Amino acid sequence: MTHAFDASIVTRFAPSPTGQLHLGNARTALFNFLAARKYGGRFILRVEDTDIARSEERHTQALLQDLRWLGLSWEEGPDVGGASAPYKQSERNDIYNEWLTKLDAQGLTYPCYCSQAELNISRKMQIAAGQPPRYLGTCRNLAHAQRAEREARGLQPTIRFRVPAGKHIQFDDVVHGEQKFLSDDIGDFIVRRADGSSAFFFSNAIDDALMGVTLVLRGDDHLTNTPRQLMLMEAFGLSTPRYGHMAMMLGMDGSPLSKRHGSTSLHEFRERGFLPIALNNQLIRLGHSVMNDVWLDSAACISEFDPSRLGRAPARFDEIQLRHWQKESVAKLSAEEFLSWVQPELPAELTVAQCVTFSAGVRNNVEVPADVRQWLPVVFADQLEYSNDVRTVIQDAGKAFFTVAIELLPRVGLEFKALAKELSIATTRKGPALFMPLRAAITGHTHGPELGPLLPMIGIDKIRSRLVAASALASN
RNA sequence: GCUCCCAUCGUCUAGAGGCCUAGGACACAGCCCUCUCAAGGCUGGUACGCGAGUUCGAAUCUCGCUGGGAGCGCCA
């Protein structure tokens, strides 16, 4: 099998707006986007909102926003239009009906009057008998009179596709290679629901064909569905896309990623403060391998992506690994980018200069924007609250240590190296024994950003009063 | 039940018969560096699910088994 793609490549992502975008679907979207970009082709966004009951416009909007946030863009879609508009399936019913008529003209469809209750019973009986639960073809060969009788009873029929007998369906899957299925294993399936709306197999397949999609990367839960869609497209004489079925994304326990694993939607990670490029770096390594282990910028994600490097085995999503890419991504931010990233967490009353020095001082101790909150009191609070660790450190250091520091402060000033040196001489302390009590007294933490840049920000008055407070504590 | 898919360190993966006493990254442990945390450097441990076969030689090919997963919906 060869996967020679070029600038004629057209990929798509076709979510249904029934909720927040699942991380697994975000990966599917990303890969289709990357494939299109890599070869200089087009990427289409199509909203599959045929399930009127569960689809909501607000979900569609949120979906588009989250996708753009992730860094994706599309040449065609509901918000940007395109040659194959409309891109919401709820607005394409005329098109589906038109093609359904063509199918009907070939004698490949028939109305089915079976009720859902009847179908459920049939399914259960087949399973009980050890048979694959397939539609038995009850309505396949109804005579005109029989149909008329059912219509007269007011039954609203679904339309089923007449699956040909004894047909072999083959296709070359981009990730799994040659696939072969037998049509006899497939029951006649519904292409139009009783309410007149188009069913997934039908609308999804003909939209891909009509929109000129050449490569479909999707979850391998669709692998055994693909023959149905191929039969439809072949019945129309439409050209079919290549398919690549990717293994699903799992939680750490190996079961499908769900709520009990923690955050599962792209939006949740966005809200928690993860950077889009961090998600890109994590997702591109799940079910797809990149040749080097270094952090990739968005251009590198495109060049590193390769459909032939898609894996076949399911991958577990590990948030710990995402956090690694988050740290890398934060480190890559420029000072300006970092500041505007954390700005929403900073108090409005801070001056621009304060924001600049503060964000620069704490950035190595920030993984998500909300992390700046814990360092705010360190610089700006009038009084510090001590944890038990801090208390212990201060008490162990003893009152004399702080007395000396208080005496040195006015003379030496806020130059940290000089202060540390003088303090070291005066107390004969060095290393952690010198710095830890100082840090504890001045910041109220046993760990945190470097003290050097912190001192000028805190200011000499606050530092003095904090040293006095520590001294008082140590003398107790 | 039937059809299909999958199987390498804890996790993500490299590996397309000899380059593999299986490589990297994350995580973990230890050491170094260091005012702490982080970063960085070094070191360490742990993996080819099992069994047959093909072959001079198998993580890689074949078959079986086991274990996971998906589909068989008027959900997509």
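If you're wondering where the values come from, they're calculated on a predicted model, not measured in any experiment. A note on names: the letters A, B, ... follow the listed sequences, proteins ahead of strands, and every chain is numbered from 1.
- Residue contacts for Gly448(A): at a heavy-atom cut-off of 4.0 Å it reaches a base atom on one of the strands shown.
- Closest approach to the Pro432(A) side chain among U11(B), U13(B), U36(B) is made by U36(B) (side chain taken as heavy atoms from C-beta onward).
- With respect to Arg260(A) and Asp253(A), a salt bridge is recorded, a charged nitrogen being found less than 4.0 Å from a carboxylate O.
- Between Glu450(A) atom CD and A39(B) atom P the separation is 14 Å, expressed in whole Å.
- Mapping Asn365(A) and Pro314(A) onto RNA chain B by nearest heavy atom places Pro314(A) closer to the 5' end of the strand.
- One finds a side-chain N or O of His324(A) lying less than 4.0 angstrom from the OP1 or OP2 phosphate oxygen of C26(B).
- Looking at heavy atoms from C-beta onward, Ile186(A) lies in side-chain contact with Arg228(A) at the 4.5 angstrom threshold.
- If Phe435(A) and Arg309(A) are placed on RNA chain B by their nearest nucleotide, the residue sitting closer to the 5' end is Arg309(A).
- Heavy atoms of Gly287(A) sit under 4.0 angstrom from primed sugar atoms or phosphate atoms, though from no base atom.
- Between Glu48(A) and Arg46(A) there is a salt bridge, since at least one side-chain N of the basic residue sits less than 4.0 Å from a carboxylate O of the acidic one.
- As the counterpart of U3(B), A70(B) is assigned, both hydrogen-bonding distances of the Watson-Crick or G-U wobble pattern falling under 3.5 Å.
- Counting non-hydrogen atoms under 4.0 angstrom, Arg439(A) reaches a base of the nucleic acid.
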What is the per-nucleotide protein-contact pattern of nucleotides 70-76 of chain B, from the 5' end, where B denotes a base atom under 4.0 Å from a protein heavy atom, S denotes such proximity for sugar-phosphate atoms only, and - denotes neither?
-> SSBSBSB

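- For the side chain to side chain contact (heavy atoms under 4.5 Å, CB included) test with Leu232(A), the passing option among Thr240(A), Leu108(A), Asn204(A), Leu103(A) is Leu103(A); the others fail.
- Residue pairs that meet the salt bridge (Lys or Arg N to Asp or Glu O under 4.0 Å) test with at least one member in residues 317-334 of chain A, sequence neighbours left out, are Arg272(A)-Glu319(A), Arg323(A)-Glu367(A).
- If you measure from atom CZ of Arg316(A) to atom C1' of A27(B), you get 15 Å, rounded to the nearest angstrom.
- An OP1 or OP2 oxygen of C5(B) is reached within less than 4.0 angstrom by a side-chain nitrogen or oxygen of Gln179(A).
- Using the six-membered ring where Trp is involved, Phe31(A) and Phe305(A) have ring planes that are tilted, between 30° and 60° apart.
- Contact annotation for Met252(A): backbone-only contact, meaning every heavy-atom pair under 4.0 Å involves sugar-phosphate atoms and none involves a base.
- For Lys167(A), the NZ atom counts as densely surrounded, since its 6.0 Å shell holds more than 12 non-hydrogen atoms of other residues, nucleotides or ligands.
- An OP1 or OP2 oxygen of U36(B) is reached within less than 4.0 angstrom by no side-chain nitrogen or oxygen of Thr446(A).
- U62(B) and A52(B) make up a base pair, with Watson-Crick or G-U wobble contacts both under 3.5 Å.
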